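Predicted, not measured: the structure shown is a model, and the values here were computed from it. FYI, side chains are in, hydrogens and waters are out, and symmetry mates aren't considered; it's all heavy atoms of this structure.
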Amino acid sequence: MRIRLQRVHYMPKELEPGVLYVSEEFGAAAHLCACGCGSKIRTPLGPTEWAVEETTSGPTLTPSVGNWQQACESHYWIYEGEIRWADKWTPAQIAAGRRREEQRRRTYYDALD
């Protein structure tokens, strides 16, 4: 599946498959889960969250998307407009990843003080 970038002011109510919607003004991105389950995936954008890069081949969203709160538990990267599937994570890996995210946020915001 190819993913294309669509810049928007507000996120549309209905998302189209294969589109990564980005609202820079509101610091958010959204897309439908790459597995096809229909779940809306929302990712905040910012220095401690996800980042979007526009390339000639398509958008790149980093870090990976881990849909741990969805039934599918899909885990993938959006890289230059392509879905690149990642390994499923165990509950221990998910918990460790969440701890790392929280530590990264703490470190970033502590450095601003």
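Residue Trp77 is not grouped with residue Met1 when hydrophobic side chains (ILVMFWY) are merged at heavy-atom distances under 4.5 angstrom, including chains of intermediate members. Ile3 and Trp85 end up in the same hydrophobic cluster when Ile, Leu, Val, Met, Phe, Trp and Tyr side chains are linked at under 4.5 Å. There is a path of hydrophobic side-chain contacts, each under 4.5 Å, that joins Val52 to Tyr76. Val22 and Val65 end up in the same hydrophobic cluster when Ile, Leu, Val, Met, Phe, Trp and Tyr side chains are linked at under 4.5 Å. Cluster membership for Ile41 and Ile78, using ILVMFWY side-chain heavy atoms within less than 4.5 angstrom, is shared.
Distance check: Thr60 OG1 to Glu82 CD gives 9.5 Å after rounding to the nearest 0.5 Å. Rounding to the nearest 0.5 Å places OG1 of Thr56 at 9.5 Å from CD of Glu54. Rounding to the nearest 0.5 Å places CD of Glu49 at 7.0 Å from CZ of Arg104. The line from NZ of Lys40 to CD of Gln70 is 11.5 Å long, rounded to the nearest 0.5 Å. In this structure, CD in Glu80 is found 8.5 Å from CZ in Arg2, a value given to the nearest 0.5 Å.
Surrounding CG of Asp110 are more than 12 heavy atoms belonging to other residues, nucleotides or ligands, all under 6.0 Å away.
Not a single donor-acceptor pair under 3.5 Å links the side chain of His75 to the backbone N or O of Ala86. No side-chain donor-acceptor contact under 3.5 Å links Ser23 to the backbone of Tyr10. With hydrogens and angles ignored, the 3.5 Å screen pairs a side-chain donor or acceptor of Tyr21 with a backbone N or O of Glu16. In this structure, Trp68 contributes its side chain and Ser74 its backbone to no donor-acceptor pair below 3.5 Å.
For the pair Ser57/Tyr79, no side-chain contact is recorded, criterion being any heavy-atom separation below 4.5 Å from C-beta on.
Here the shortest heavy-atom pairing between Ala29 and Leu20 reads CB-CD1, 4.1 Å. When all heavy atoms are compared, the tightest approach of Ala30 to Leu15 is CB-CD1, 4.2 Å. Taking each heavy atom of Trp89 and Gly97 in turn, the nearest pair found is CZ3-CA, 4.3 Å.
Ring-plane geometry between Phe26 and His9 is classed as perpendicular, the angle between the planes exceeding 60 degrees on a 0 to 90 degree scale with a lower cut at 30.
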Working for side-chain hydrogen bond (donor to acceptor under 3.5 Å, both in side chains), residues Gln103 and Arg100 = CA-CA 5 Å; Gln103 183 58 49; Arg100 283 190 304 272; over 6 Å; no
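A salt bridge links Glu102 with Arg105; the closest basic N to acidic carboxylate O contact falls under 4.0 Å.
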